[in-house]
Amino acid sequence: MALQVYNTLTRRKEPFETIEPGKVRMYVCGPTVYDKAHVGHAMSAIVFDMVRRYLQYKGYDVIHVMNFTDVDDKIIKRSQETGDDPFAISQRYVDEFHRHIDELRVLPATIYPRVSDTIPEIVEMVQTLQESRHAYPTEGGVYFRVRQDDDYGKLSRRKLDDVLTGTRVEVGESKEDPNDFALWKAQKPGEPAWPSPWGPGRPGWHIECSAMALKHLGEQIDIHGGGNDLIFPHHENEIAQTESYTGQSFARYWMHNGMLQLSGEKMSKSLGNLVTVDEFLAGHEADVLRLLILSSHYRKPLAFNSTVIEDNARALARLRSALRPAVGRIATGTEAETLAAAAAQARTGFVESMDDDFNTAGALGYLFELVTAINRARDAGVGGEPFAAAQDALLELTGVLGLQLATVQPQGAEAAPFIDLLLELRAKLRVVKQYALADEVRDRLTDLGVVVEDTREGSTWRMQ
RNA sequence: GGCGACGUGGCCAAGUGGUUAAGGCAAGGGUCUGCAAAACCCUGAUCGCCGGUUCAAAUCCGGCCGUCGCCUCCA
C-alpha cells in the first residue's frame, strides 16, 4: 500500500505521486509576524513537521519552504500603536518563531523567504497579470479580476454569486467586482512602501505566497499546506493568481490541518482565547503538545484543555516506560521471539497507518502495543540484543513522529550525587526496617520532583 | 443565509460493508512490594436519533437533533 494523501482540492484521498520522482516540493503558509505565537500556530507547525518527517522516512528528498509575511496591515497597525519600526516588530517575532521551532523540535524549513525580500518578483507578477487582463489598476492599487478566472472558487467550492449573498462585502468604489482582491496596495501616509509602475505601495495579502512559492519552488509544487481557515480566501486567491500567471495547475495536493479548540471554540487572536507557545512550554514539555496533536487526526478539530494535556503527559510517560533498561538477559526462546514479532508488527502497522493520509492516531496505537510488549518482555527477563532491538524500533518510529522519548535532565544531573547519597542511606534504613523514616525520605524527594521506585535490584530515581 | 466538517465506552481517539469495534487517560479487581510507585494480568461501548439499501452497516443513502469551522484578520 502506497502513501495516500487527502487533497482539499478534490476532497478525496489520492495516491501520492510527486512531480519529480523522489523529490517533494512543499510550501507551508507561515505566520504573519506581528504578535506572539499561540499553540494553534504550533499545531500547524507540528503537523507539517510530521508530514515532512514521514516523507523523509519514506525516502523522499523534501524541499520545505515556509514564508514570513513581514509586510502586512496588522504589522503596520501594531507599529502605529507602539511607535516601533514595523521591520523591528517583524524581526522580533521572526526571532521568536525560530526559538519556538527549536523548542518544539520542529525541523527548520529549507528556506524561509520574506515578503520584503520578494518585492521585485511580486511587482513582475502583478505586471504580467495586468498585461493578461487578469488584473487592473485603480487609484487604491491593483486588483485581481476574479471574473476573468473561470475556475475561481474551485478549492473552497464557492460560487462567486454565493459569496455575495449573505455577506457584507462592501463594494469599494474602485473595484469592478466586490470579490476582486488587492494584488498591490497604494501607499498611505506613514506606511512602508516600495516603488512600482503604479507608484509607491506594497503587496496585497495573497500575492506574496504565490510569488515566494514560484521563486523558490517553481511553477508547480507538490504540497501546499496551512490551516483550514486559510482555504478561503487566502489559498483560493493564491490559486487564482498563480494559475492565471503560469497557465498551469499550481499545487498537486492541498493539505489543511484542523483548528485547535479552546473551550469549544477556535483559538484565535480575535477571540482572545489563546494560549501562547511560551505559556505552554513554561509548564509542559514540548513532547506533550506533540503527542496531544498527533493523538488525533490532523484534519479534525482538536480540543485543547488541561484534562487533555494531563492525559497526554501520562501517555508520554507510558511511552517512556518502555525505555527503561532490561533486568534479565534472556536473548533466545519464546519470549524473545514474541518481542521480535511485536516489534515487526508495530513497524508494519505504523507504516500502514501513516500511509493512510498520515493517520498518526492509528500509528500511535501500534506504538503503545509495542510498549506493552517491551514491558512484558522485561518482566519475563528478556534482555540483550532482542530487547535492545525492540527499544530501537520504538525509538525509530517515535522519532519519525518527532517525539524525543529519551530525556536529558541537566537539573537532575547536578543533584544526582546528593540524591544517590540519600537513597543509599534510605537503603540502610530499610535494611533495619526503619520504614517510617525511609518512607519520609521518599515522600520528601517526591515533593521535590524526584520519583523514587524500589525494585528487586535496588532503588531507582528519575526527575518528574 | 451559502459552503463544509464532525457526533464511537466516564474522557480523548482509531476503525468507514462481513472474524472477539485498536490504542491512550481515568476507574475497579489482582500479581509483585515492608508500604508505595512503576510494570504486568483481568474488567467495560453495538458506534447521536429515526427510517431505508443489503444475505450482512458504526461503516452506504435519506431525514432529524447536536457540536464546530469558513464566508472579515486568522495556523
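By convention in this document, chain letters (A, B, ...) are assigned in the order of the sequence lines, proteins followed by strands, and residues within each chain are numbered from 1.
- Partners of A:His284 under the ring pair (Phe, Tyr, Trp, His ring centres under 6.0 Å) rule, at least two apart in sequence or in another chain, are A:Phe280.
- When both distances must be under 3.5 Å, the Watson-Crick or G-U wobble mate of B:A39 is B:U31.
- Sequence neighbours left out, the pairs with a member in residues 308-317 of chain A that pass salt bridge (Lys or Arg N to Asp or Glu O under 4.0 Å) are A:Asp311-A:Arg314.
- Comparing B:G62 with B:U72, their P atoms sit 29 Å apart, to the nearest whole Å.
- Comparing the P positions of B:C60 and B:C42 gives an interatomic distance of 33 Å, to the nearest angstrom.
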Polar atom pairs between nucleotides 12-14 of chain B and protein, under 3.5 Å, N or O only, would you list them?
| from | atom 1 | to | atom 2 | distance (Å) |
| --- | --- | --- | --- | --- |
| B:A14 | OP1 | A:His297 | N | 2.7 |
| B:A14 | OP2 | A:Lys300 | NZ | 3.1 |
| B:A14 | O3' | A:Asn359 | ND2 | 2.8 |

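- Base-pair partner of B:A22: not found among the strands shown (Watson-Crick or G-U wobble, both distances under 3.5 Å).
- Rounded to whole Å, the separation between the P atoms of B:G30 and B:U67 comes to 43 Å.
- One can place CG of A:Leu155 at 12 Å from C1' of B:G4, the figure rounded to the nearest angstrom.
- Counting any heavy atom pair closer than 4.0 Å across all strands shown, A:Thr460 reaches no nucleic acid atom.
- Comparing the C1' positions of B:C12 and B:A27 gives a spacing of 15 Å, expressed to the nearest Å.
- Within the 4.0 angstrom heavy-atom criterion, only backbone atoms of the sugar-phosphate kind lie near A:Gly227; the bases stay farther away.
- Atom CE in A:Met259 sits roughly 8 Å away from atom P in B:C70 (whole-Å rounding).
- For A:Phe48 and A:His64, the ring centers are positioned 6.0 Å apart or more.
- Salt-bridge formation is detected for the pair A:Arg202/A:Asp73: a Lys NZ or Arg NE/NH1/NH2 atom is positioned less than 4.0 Å from an Asp or Glu carboxylate oxygen.
- A:Arg299 pairs by the side chain to side chain donor-acceptor pair (under 3.5 Å) definition with A:Asp357, not counting sequence neighbours.
- Between A:Arg314 and the phosphate of B:A26, there is a side-chain N or O to OP1/OP2 separation shorter than 4.0 Å.
- Base pairing annotation: B:G9 forms no Watson-Crick or G-U wobble pair, as no partner gives both donor-acceptor distances under 3.5 Å.
- Using atom P as the reference point in both B:G63 and B:G1, the two lie 16 Å apart (nearest Å).
- Nucleic acid contact for A:Leu230: sugar-phosphate only, since backbone atoms but no base atoms lie under 4.0 Å from a heavy atom of the residue.
- Atom pair A:His38:NE2 and B:C73:P shows a separation of 17 Å (rounding to whole Å applied).
- With a 3.5 Å ceiling on both atom-pair distances, the Watson-Crick or G-U wobble partner of B:G69 is B:C3.
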Annotated protein contacts, base or backbone, on nucleotides 29-40 of chain B with a non-hydrogen cut-off under 4.0 Å, one of B, S, - each | -----BBBBSSS

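- B:G17 and B:A39 have their C1' atoms separated by 40 Å, with the value rounded to a whole Å.
- For residues 393-402 of chain A, the salt bridge (Lys or Arg N to Asp or Glu O under 4.0 Å) pairs, not counting sequence neighbours, are A:Arg347-A:Glu396.
- With rounding to whole Å, A:Asp72 atom CG is found 14 Å from B:U72 atom C1'.
- Not counting sequence neighbours, the partners of A:Asp454 by the salt bridge (charged side-chain N to carboxylate O under 4.0 Å, His left out) test are A:Arg426, A:Arg430, A:Arg442.
- Remark: A:Arg290 engages A:Asp49 in a salt bridge (charged side-chain N to carboxylate O under 4.0 Å, His left out) (not counting sequence neighbours).
- Straight-line distance from the NE2 atom of A:His235 to the P atom of B:C3: 23 Å, rounded to whole Å.
- Remark: C1' of B:U16 and CG of A:Asp357 are 14 Å apart, rounded to the nearest angstrom.
- Between the CG atom of A:Leu394 and the P atom of B:G23 there is a distance of 16 Å, given to the nearest Å.
- Residue whose closest nucleotide on RNA chain B sits further toward the 5' end, between A:Gly30 and A:Tyr6: A:Tyr6.
- Atoms CG (A:Asn228) and C1' (B:C70) sit 8 Å apart, rounded to a whole Å.
- Inter-residue side-chain proximity for A:Tyr298 and A:Ile46 is flagged as unmet; no heavy-atom pair is nearer than 4.5 Å.
- Annotation: salt bridge (charged side-chain N to carboxylate O under 4.0 Å, His left out) contacts of A:Arg252 (sequence neighbours excluded): none.
- Listed candidates were B:C73, B:C71, B:G15. Nearest to the side chain of A:Phe232 is B:C71.
- Comparing B:G9 with B:A5, their P atoms sit 22 Å apart, to the nearest whole Å.
- Comparing the C1' positions of B:U59 and B:G2 gives a spacing of 29 Å, expressed to the nearest Å.
- A side-chain donor-acceptor contact under 3.5 Å links A:His235 and A:His256.
- For B:C49, the paired base is B:G63 (Watson-Crick or G-U wobble, both distances below 3.5 Å).
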